[in-house]
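Below: the structure, in structure tokens.
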Amino acid sequence: MMRPSLRMPWQPLAAWAAAAAVAAVPTWEQWRLAAELDGASTYHVSMCRGGAETVALVEALRADLGRLHATAVTWGVPAAAVLAGLLLSVAGKAAPGRRLAGGLALTALAGPLTPVYFHPDECGPVAIFSGVWVAQVLECVGIPEVCLLVAALLVLAASAPERPAGHPAGRGEPGAAWRRTAALALDYLVAVTVLALATQALGLDGAGLDLGERLLPEPGDTSSEAVVRATLSAPLLFLYAWGFHLLRGRTPGKLLLGLRVAFPEGGGRVRRAALRALLFPVLVVMPGFGMIWLFLDGLCALVDPDVRAAHDRFTGGRVVRARRRDAVRGGQAGVA
């Protein structure tokens with residue numbers, strides 16, 4: 001009996017395996033340092049981060065990106081994403097090499113870029129993009145960042161033939177991943193602004209609760225403050241996502257990036273838009289499991305040939321490029 005052969009040459013297979021191993025090094029290093037310090041804050045974040053008076057939007061984005069980065073490294077999300085790409089390649093399917101490499105590179109950059117740095121001889125924070133800031137960022141680049149960048153290069157080398165012969169191009173390409181990411185960042189800034197205004201309107205700032213301070217809950221945080229924050233933020237985020245997708249077919253971020261949400265024909269757009277808003281972003285801000293759902297949703301989009309996240313699949317939606325006539329008609333075609 002003949003032994004079954006792999007559907008890919010050994011060189012890409014070896015590159016994928018090496019990328020997975022290298023991408024796991026930051027996680028191993030994180031857990032090793034945590035064990036040595038007996039649960040104290042680890043990684044170079046403990047040396048570089050601190051409080052500072054910055055622009056509210058920038059501070060919220062910095063805090064949430066730092067929280068995402070730390071959680072991703074701690075729970076081995078980079079290595080899991082590379083393993084998913086490896087399994088797709090072994091199965092003979094198109095692996096999202098460029099998307100995955102870009103995600104690994106962004107994860108590597110998030111580590112040294114998200115902390116607030118301080119002058120060595122002063123109490124104030126260092127201005128972003130100043131010479132001192134650049135020097136401190138470079139100083140905080142260590143083995144974890146280098147490993148993630150090396151893993152990104154290995155993924156690119158392993159997926160040099162982007163698609164197997166005869167494999168159709170995903171309808172989400174080209175450029176869908178970066179457009180969706182940029183649109184999400186813009187919507188994040190709008191949502192933080194709305195929540196900050198709601199804080200003032202409801203008088204919550206006097207109680208020491210700022211809804212615009214951050215969106216993402218701490219992993220596993222089910223404290224009363226986290227529950228209150230999610231209870232007040234979730235309805236506003238639901239109305240934001242549901243209203244714009246229902247009425248315009250796109251949020252402000254998607255509008256600026258030339259994207260829209262297309263639902264299947266045949267009606268039910270009110271229900272589909274509501275379910276989409278519940279899955280994203282409402283579930284993301286839920287205490288305890290919100291960030292877990294965010295990672296799962298993002299991994300689905302990362303490995304999907306059409307860049308469709310889990311909330312796209314569950315609602316039958318698809319984020320596509322907006323045609324000019326959609327812009328003229330206010331995006332109504334996007335929710336047909």
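A heavy-atom distance below 4.5 Å is found between the side chains of R313 and D304. In this structure, the side chains of P252 and F244 come closer than 4.5 Å at one or more pairs of heavy atoms. Inter-residue side-chain proximity for M291 and R67 is flagged as met; some heavy-atom pair is nearer than 4.5 Å. No side-chain heavy atom of V307 sits less than 4.5 Å from a side-chain heavy atom of V319. Using a 4.5 Å heavy-atom threshold, the side chains of P264 and R272 count as touching. The shortest distance between side-chain heavy atoms of L104 and V82 falls below 4.5 Å. Side-chain atoms of C147 and W28, non-hydrogen and from C-beta on, never get closer than 4.5 Å to each other. For the pair L195/L215, a side-chain contact is recorded, criterion being any heavy-atom separation below 4.5 Å from C-beta on.
Taking NE2 of H245 as the reference point, atom OG1 of T251 lies at 4.5 Å (rounded to 0.5 Å). A distance of 14.5 Å separates OH in Y240 from OG in S233, rounded to the nearest 0.5 Å. Summarising the geometry, atom CG belonging to L184 is positioned 10.5 Å from atom CG belonging to L257; distances are rounded to the nearest 0.5 Å. Rounding to the nearest 0.5 angstrom, the gap separating the CG atom in L68 from the OG1 atom in T107 is 9.5 Å. Taking CD1 of I292 as the reference point, atom CE of M286 lies at 14.0 Å (rounded to 0.5 Å). With rounding to the nearest 0.5 Å, the separation of CG in L154 from OG in S159 is 10.5 Å.
Judged purely by atom type and a 3.5 angstrom limit, D64 has no side-chain atom pairing as donor or acceptor with the backbone of R214. No donor-acceptor pair under 3.5 Å is formed between the side chain of R229 and the backbone N or O of L216. Looking only at distances, a side-chain donor or acceptor of E145 sits under 3.5 Å from a matching main-chain atom of G142. Remark: side-chain polar atoms of W31 are paired, donor with acceptor, to backbone N or O of T74 under 3.5 angstrom. Proximity of a side-chain donor or acceptor of D306 to a complementary backbone N or O of R308 within less than 3.5 Å is not detected. In this structure a side-chain-to-backbone donor-acceptor pair under 3.5 Å is present from Y188 to A60. For the pair R269 (side chain) and L246 (backbone), a donor-acceptor distance under 3.5 Å is present. Panel note: side chain T27, backbone V73; a donor-acceptor pair is recorded below 3.5 Å. A donor-acceptor pair under 3.5 Å is absent between the side-chain atoms of E29 and the main chain of P144, judged by distance alone. Judged by distance alone, the side chain of R260 and the main-chain N or O of R250 form no donor-acceptor pair under 3.5 Å.
For D312, the salt bridge (charged side-chain N to carboxylate O under 4.0 Å, His left out) test picks out R180, R276, with sequence neighbours left out. Partners of W293 by ring-ring contact (aromatic ring centres under 6.0 Å, His included), not counting sequence neighbours: none found.
Connection of L197 to V285 is not established within any shared hydrophobic cluster, with ILVMFWY side chains joined at heavy-atom distances below 4.5 Å, either directly or through further cluster members. Both F280 and L278 belong to a single network of hydrophobic side chains, linked directly or stepwise wherever heavy atoms of I, L, V, M, F, W or Y lie under 4.5 Å apart. Linking ILVMFWY side-chain heavy atoms closer than 4.5 Å, directly or via other members, places F289 and L294 in a single hydrophobic cluster. Hydrophobic clustering (side-chain heavy atoms under 4.5 Å, transitive across Ile, Leu, Val, Met, Phe, Trp, Tyr) keeps L156 apart from L149. When hydrophobic clusters are built by joining Ile, Leu, Val, Met, Phe, Trp and Tyr residues whose side-chain heavy atoms come closer than 4.5 Å, directly or via intermediates, V25 is not grouped with L83.
Pairing each heavy atom of G253 with each of L186, the nearest pair is CA-CB, 3.9 Å. Closest heavy-atom contact between P12 and P9: CD-O, 3.2 Å. Here the closest heavy-atom approach between residue L109 and residue P112 is recorded as O-CD, 3.2 Å. Taking each heavy atom of L279 and L283 in turn, the nearest pair found is O-CB, 3.6 Å. Nearest heavy-atom pair across L100 and A81 is CD1-CB, 3.5 Å. Of all heavy-atom pairs spanning F263 and G317, the tightest one is CD2-CA, 3.7 Å.
Atom CG of L138 sits in a crowded spot, with more than 12 heavy atoms from other residues, nucleotides or ligands closer than 6.0 Å. Atom CZ of F295 has more than 12 neighbouring heavy atoms from other residues, nucleotides or ligands inside a 6.0 Å radius.
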Determine whether K254 and R248 satisfy the following criterion, side chain to side chain contact (heavy atoms under 4.5 Å, CB included), listing intermediate values before the conclusion.
CA-CA 10 Å; K254 292 186 179 71; R248 306 286 297 179; over 6 Å; no
Going through the checks in order, is the side chain to side chain contact (heavy atoms under 4.5 Å, CB included) test met by L13 and L86?
CA-CA 7 Å; L13 179 61; L86 170 60; 3.5 Å; yes
Test log, rule side chain to side chain contact (heavy atoms under 4.5 Å, CB included), inputs W242 and V270:
CA-CA 8 Å; W242 180 61; V270 176; 4.0 Å; yes
Start with the C-alpha gap between L113 and W133, add the side-chain angles, then the distance that decides, and say whether side chain to side chain contact (heavy atoms under 4.5 Å, CB included) holds.
CA-CA 9 Å; L113 290 180; W133 182 85; 3.5 Å; yes
